[in-house]
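Lettering follows sequence order; numbering is per chain, from 1. Values below: all heavy atoms of this structure, side chains included; hydrogens, waters and symmetry mates excluded.
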2 protein chains.
Amino acid sequence: MASRTSQGEESSYRESRRDRLLSTCAELIARKGFASTTVRDIGEAAGLLSGSLYYYFDSKESMLEQIIVKLQAYLWQRYDEVASSDLSPRAKLEGVLRVSLDAIDQYNDEVRVYQNESKLLEENERFQERAARSKDFERMVTGILRDGIATGEFRADLRIEVAFRFIRDSVWTIVHWYRPGGELGIDEVAKDYLSMLFGGIASPNG
Amino acid sequence: MASRTSQGEESSYRESRRDRLLSTCAELIARKGFASTTVRDIGEAAGLLSGSLYYYFDSKESMLEQIIVKLQAYLWQRYDEVASSDLSPRAKLEGVLRVSLDAIDQYNDEVRVYQNESKLLEENERFQERAARSKDFERMVTGILRDGIATGEFRADLRIEVAFRFIRDSVWTIVHWYRPGGELGIDEVAKDYLSMLFGGIASPNG
DNA sequence: GTCTATAGCGTGATAGAC
DNA sequence: GTCTATCACGCTATAGAC
């Protein structure tokens, strides 16, 4: 790409302009979906003409790719910390879920894009490396579940692959209704969800 | 529409052709998304040319609408039965979830379309009546939750609107990985999910 | 009922001036 | 870096023959 140099100030100025454009992309793609968002929409929202976007990006697909790259970098820096810690399985699982919830809070648009366009990422060859991270997430969480069953912290009578999907989907779908800065904060959501995930919704004295 | 008559055999022949076309639409739209599915795709999959589809449907949007109408008719016939029964709140909630899971099993493509295009349904004036059913579902389930807290079957320390979203999303997202006719049947999924929803994933002796 | 043919428009992307 | 201008293509939908 013609716009990428590797010189200090000039490069970082350009990077930050790029990043601001990416945030605009994320907001629009989160709201309207990738297929229904046009490069003209993005240009208009960013205050330039669609053609000018191609100074920063090779294609509409590469805008999507950069959004996901940025999000995955954030997520995996933190997932790796939790996974390599010596916490108990239950505490590790709580940690993983907290990281995911923090992403929903701080990178709301990007997470929505990641969720909404996951099919596209899986099917398009270009995004194979991005889609592979979903398998990494599954490996990490099912590993924690197995360990927790071994220690007796988790129930042994559940299919691990079903429990994994239950956990993954209940947490990530929060992004579809949670609004950063709204009345209900992410800490309150985390408290309720962790409580329901671990203890269920039925009364203990039922 | 020119194709709608109200005469016995001729009409029902046309209806069934229409229904078969709708199934093809649902399959494609479920797989590729509404925006990325072209009427040419649909025509090709159904074995006719795109223009010929307009003998049966006014527009691409009306194809989507008919898919949703058909699904909602199935769902609400059964939801109403459960809601008006005199089962306990917990049994009612189980019943509602069973209906949803049966739809995921029997109307898999249609449910995926409903889930994937929910944004479009909410935002497009044309689909207001369809989108209103989501509010009905919320009213039904939160009512059951309130009753169950009153009887002591459900935990009283949870925010009802958060618990509702937890339940709604964990159940409906099953459609994104469940495959009808696969190794894991809907009864097994139902058993695991009801068990996790009501009792959580933590060991009771934890 | 399905076809041929195409209107009319919006799309992603590019070339080159400034 | 952003603009003007535009290309080449794909899209939904329609008109009218058969």
Side-chain angles (χ1 to χ4, degrees), chain A residues 1-7 9-25 28-29 31-67 113 117 120 124-127, chain B residues 1-25 28-29 31-67 117 120 124-127:
Chain A
M1 252 180 300
S3 65
R4 309 299 297 277
T5 72
S6 45
Q7 293 176 299
E9 259 186 20
E10 200 176 317
S11 165
S12 79
Y13 170 77
R14 283 181 185 167
E15 285 293 297
S16 92
R17 171 68 165 138
R18 232 177 98 96
D19 281 357
R20 265 175 289 135
L21 289 174
L22 275 181
S23 294
T24 304
C25 288
L28 281 174
I29 296 175
R31 203 170 67 220
K32 301 162 53 103
F34 182 72
S36 300
T37 303
T38 70
V39 292
R40 287 175 175 81
D41 290 336
I42 297 167
E44 190 180 8
L48 39 65
L49 287 183
S50 62
S52 306
L53 289 169
Y54 289 84
Y55 175 77
Y56 297 96
F57 305 101
D58 290 333
S59 65
K60 188 181 154 189
E61 275 189 355
S62 95
M63 300 178 204
L64 174 59
E65 191 172 31
Q66 294 307 309
I67 291 168
V113 170
E117 312 303 336
L120 180 66
N124 191 320
E125 277 229 30
R126 173 184 188 128
F127 300 114
Chain B
M1 251 183 302
S3 65
R4 308 299 295 278
T5 73
S6 46
Q7 293 176 297
E9 259 186 21
E10 200 175 318
S11 165
S12 79
Y13 169 77
R14 282 180 185 169
E15 284 294 296
S16 92
R17 171 71 163 135
R18 232 176 99 95
D19 282 356
R20 265 176 289 135
L21 289 173
L22 275 181
S23 294
T24 304
C25 287
L28 281 174
I29 296 175
R31 204 169 66 220
K32 303 163 52 108
F34 182 72
S36 300
T37 303
T38 69
V39 292
R40 289 193 242 268
D41 291 336
I42 298 167
E44 190 179 7
L48 39 66
L49 287 184
S50 61
S52 306
L53 288 169
Y54 290 83
Y55 175 77
Y56 297 95
F57 305 100
D58 290 332
S59 65
K60 188 180 152 188
E61 275 189 355
S62 94
M63 301 177 204
L64 174 58
E65 191 172 30
Q66 293 308 308
I67 291 168
E117 312 304 337
L120 180 64
N124 191 319
E125 277 229 33
R126 175 187 186 126
F127 299 115

From B:T24, B:L28, B:I29, residue fulfilling side-chain contact (heavy atoms from CB on, under 4.5 Å) relative to B:D41:
B:L28

side-chain contact (heavy atoms from CB on, under 4.5 Å) partner of B:C25, chosen from B:L53, B:L64, B:I42:
B:I42

Roughly how many Å is it from [atom1] in [X] to [atom2] in [N], rounded to a whole number?
{"X": "B:L53", "N": "D:dT14", "atom1": "CG", "atom2": "C1'", "value": "14 Å"}
{"X": "B:I29", "N": "D:dT12", "atom1": "CD1", "atom2": "P", "value": "10 Å"}
{"X": "B:E44", "N": "D:dC11", "atom1": "CD", "atom2": "P", "value": "11 Å"}
{"X": "A:E61", "N": "C:dA13", "atom1": "CD", "atom2": "P", "value": "8 Å"}
{"X": "B:K60", "N": "C:dG10", "atom1": "NZ", "atom2": "C1'", "value": "13 Å"}
{"X": "B:K32", "N": "D:dG10", "atom1": "NZ", "atom2": "C1'", "value": "13 Å"}
{"X": "B:L28", "N": "D:dT12", "atom1": "CG", "atom2": "P", "value": "12 Å"}
{"X": "A:I42", "N": "D:dT2", "atom1": "CD1", "atom2": "C1'", "value": "17 Å"}

When you get a sec, tell me which of C:dG12, D:dT12, C:dT2 is the closest nucleotide to the side chain of B:T38?
D:dT12

Considering only D:dG1, D:dC3, D:dA13, which nucleotide approaches the side chain of A:L48 most closely?
D:dC3

[N] phosphate, OP1 or OP2, under 4.0 Å from [X] side-chain N/O:
{"X": "A:S52", "N": "D:dC3", "answer": "yes"}
{"X": "B:Y54", "N": "D:dA13", "answer": "yes"}
{"X": "A:Y55", "N": "D:dG1", "answer": "yes"}

Enclosure of B:E44 CD (heavy-atom neighbours >12, cutoff 6.0 Å):
no

If only side-chain N and O atoms count, and only distance matters, is there a donor-acceptor pair under 3.5 Å linking A:S16 with A:D19?
no

Which is true for A:T37 with a 4.0 Å heavy-atom rule: it touches a base, it touches only sugar-phosphate, or it touches nothing?
sugar-phosphate

Using a heavy-atom cut-off of 4.0 Å across all strands, would you classify B:L49 as base, sugar-phosphate, or nothing?
base

For B:K60 and B:T37, indicate whether the former's side chain and the latter's backbone hold a donor-acceptor pair under 3.5 Å.
yes

Regarding C:dG12, can its base be found pairing with the side chain of A:R40 as donor and acceptor, where the two atoms are less than 3.5 Å apart?
yes

